[in-house]
Each structure stands twice: as structure tokens, then as C-alpha cells.
There are 2 protein chains.
Amino acid sequence: MSEAKRPDLAAMLAPLGRALVAAELPVLERNGLTMWGYVVLLGLGDEPVYTQSALAKAIRADKTRIIGVLDELQRRGLIHRAPDPADRRAHLVSLTPDGRTTRERAQREIQEQEDQLLTHLSAADRRVFLRALQTLAALTAEQ
Amino acid sequence: MSEAKRPDLAAMLAPLGRALVAAELPVLERNGLTMWGYVVLLGLGDEPVYTQSALAKAIRADKTRIIGVLDELQRRGLIHRAPDPADRRAHLVSLTPDGRTTRERAQREIQEQEDQLLTHLSAADRRVFLRALQTLAALTAEQ
DNA sequence: TATTGTTATACTCTATAACTATA
DNA sequence: TATAGTTATAGAGTATAACAATA
């Protein structure tokens, strides 16, 4: 009677998330991106410019950890990074056209692969699952 | 037109899983368990006995990593560990009654907390979400 | 020779502290 | 003095290699 009627949510979500990330690394590699590089490109997509601190905070990374990532993305011409003329301590970071193209191509390939996994759900279940997942992800993201 | 109509699955699942795990650590701590200790207790629940290798494989851990975990669980009297008389290289591992009680209490508290999160979904969505999640988790677990 | 459990070692990832340059 | 970015250091977590006991 005190047996669990379902596995722990965390015991399903965490390994599934790790498996998805692992499966997507080759896709990113084909696009010349690391996971952190991709996360940075995604973080830059919504706003035109960012300071490095704001960007790090937005993607929930330590500011010291994205520095090497930004170096590499800049070297490859995917982002633009320059001191803010108004406050020369701060660096403004933005996507280059190449960076936007790369970001969108990588994301398209990733979501196509994810859609493959979702074919194991009925169309109706898939819709509910995605909606519910967005709801829960938003809840934990806001704290 | 090439804008994403949804966030990446992995970008929702992975942080949500991490957030859940982080939120459950205090629950485990109240029960005197680490995350790995809890995972080992869960892994021991379904079968009466295990060799350490089989147990490690079942919970997808390295065999070298669960040794300290087993030491601590044994010290606390939650598991029983003894050489297999038939093959004295192997150690048979099993839950003690105390171990089973601890496992069930911890899991009950964890799932109660998870149920709190699930109240943000409608009853119908919750049912579909859990079913879909179990389907997807089983797919990635089987490989 | 192969396998179980163990220990020791190395490696990766992440966080913390310390430094510079601007403000 | 406070902050943005950077670099150097240290810590945690993990995997790899080497070992002893047994088969």
C-alpha cells in the first residue's frame, strides 16, 4: 500500500534531459558549436545587445565561465563584442549575421531530432506534454 | 519563418530536472541520505539481491563510485552486504528492513513535494504529462 | 586469463578569490 | 568605493588505471 505508483519525477526528468543533451552534442559539433556556445547564441537571440554579466545571468552561468566561450565565438565571427562607449568597463555583445544563421540552423537540426523522439507520443499527447513542460519549466525558471 | 515555435526540449527538460533534484536534496538530507544513497536504495528495491557490478549498471553508475555509498549505507544499517558463498569474489547486496522503511519514507516525501509542483497542471494534463514522460524516459533508458 | 571489488590517480567541470581598468 | 571583465586557484565530481583476491 505504500508502494510508489509512479517513478519519481526527478528520476525520469533528469536522466531524460541528460540523454537528450548527450544526443544533441553531435548535432552541435557538426555546426562547430559546444553546448555552452549554443546556449550563449540562444541567450543572445532575444535581445540586440547584452553586457557579459547580464548575458551570464540570463543563461544562468557564472560570468567567469562564459569568457572562453565568448572568445571562441568571437574568433569564429559568430558574435560581436566591443566596449560600451558610454561605460568602457562594460562590453556589448551581439550576434553577427553569421551567428544568427548558425544559431537558427543548429536549433532547427536539434528540434528536428527532438521531433523524432516525440513521434513516440500521439499528436494529442505531444501537444499536452509540450504545453505542460513549458508550464513547469517556466515555474522553476522564475524563482 | 525559421523562428522556433517552441523552446528546445532539452533546454526545458535539463534545467527542470536539475531544479527538481536541487529541491529534493533537503528532503533526502532530512532522511539522512545523499542523492546517490537514495538512488542505490531505489535500485535495490526491485530485486532481492545484487552484485555490486549489477547494481552499478542498473543505476547507470560507475562501479567505483558506489563503493563509498555502499560503505555508508552499510554503516547505517540500511543495506546488508556479504560475499556470495558460491563465488567469493562477488558481494550480495540487499535492503535491510530499516533500509526499506527509509527508502519508502524518503520516496513518499519526495513524491509529495513533486505533487505540489504538479498542482500547476490540470488533472487531465497531469495524467497525460506523467504518462508521456514515462514513455519517453523508458525509450532513452532502454538503449 | 578473466572478473569482482577496491584503491589510487588523473581529468573535467565549476565555483571562489584575486587582479585591472574604469567609474 | 564599487563594478565589468579577466585570470589564477581551488574544490567537487567523475572517469581511468592499477591492484589483490578469487575463479
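Because the structure is predicted, anything quoted here is derived from the model rather than measured. First the proteins, then the strands, lettered A, B, ... as listed; each starts at 1.
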Exercise for the section: Check whether Tyr50(B) and Val69(B) end up in the same hydrophobic cluster, where Ile, Leu, Val, Met, Phe, Trp and Tyr are linked by side-chain heavy atoms less than 4.5 Å apart. Expected result: yes
Practice task
Apply the side chain to side chain contact (heavy atoms under 4.5 Å, CB included) test between Leu20(A) and each candidate in Asp8(B), Leu9(B), Thr140(B); give the one that qualifies.
Solution key: Leu9(B)
Practice task
Counting heavy atoms from C-beta on, name the nucleotide in dT7(D), dG5(C), dT14(D) closest to the side chain of Trp36(B).
Solution key: dT14(D)
Exercise for the section: Please work out if Asp62(A) contacts a base, only the sugar-phosphate, or nothing of the nucleic acid, heavy-atom cut-off 4.0 Å. Expected result: base
Practice task
Count the heavy atoms of every other residue, nucleotide or ligand shown that sit under 6.0 Å from CZ of Arg30(A), and state whether that count exceeds 12.
Solution key: yes
Completion exercise
Regarding the side chain of Asp87(B), the nearest nucleotide among dA23(C), dT6(D), dA23(D) is dA23(D)
Handout entry: Separation of dT14(C) C1' from Ile66(A) CD1 (nearest whole Å)
Key = 14 Å
Exercise for the section: Let me know the distance between OH of Tyr50(B) and C1' of dT4(C), rounded to the nearest Å. Expected result: 17 Å
Fill in the blank from the handout: Atom NZ of Lys63(A) and atom P of dT20(C) are separated, to the nearest Å, by 15 Å
Problem - Residue met sooner reading DNA chain C from 5', once Arg88(A) and Ala61(A) are mapped to nucleotides - result: Ala61(A)
Practice task
Between Ile67(B) and Pro85(A), name the one whose nearest nucleotide on DNA chain C is closer to the 5' end.
Solution key: Ile67(B)
Handout entry: Polar contact flag, side-chain donor to acceptor under 3.5 angstrom, Asp62(B)-Thr64(B)
Key = yes
Practice task
Among the candidates dT7(D), dG5(D), dA15(D), find the nucleotide nearest to the side-chain atoms of Thr64(A).
Solution key: dT7(D)
Practice task
Choose from dT6(C), dT6(D), dT22(D) the nucleotide whose nearest atom is closest to any side-chain atom of Arg89(B).
Solution key: dT22(D)
Exercise for the section: Check whether any side-chain N or O of Arg65(A) sits under 4.0 Å from OP1 or OP2 of dT16(C), and answer yes or no. Expected result: no
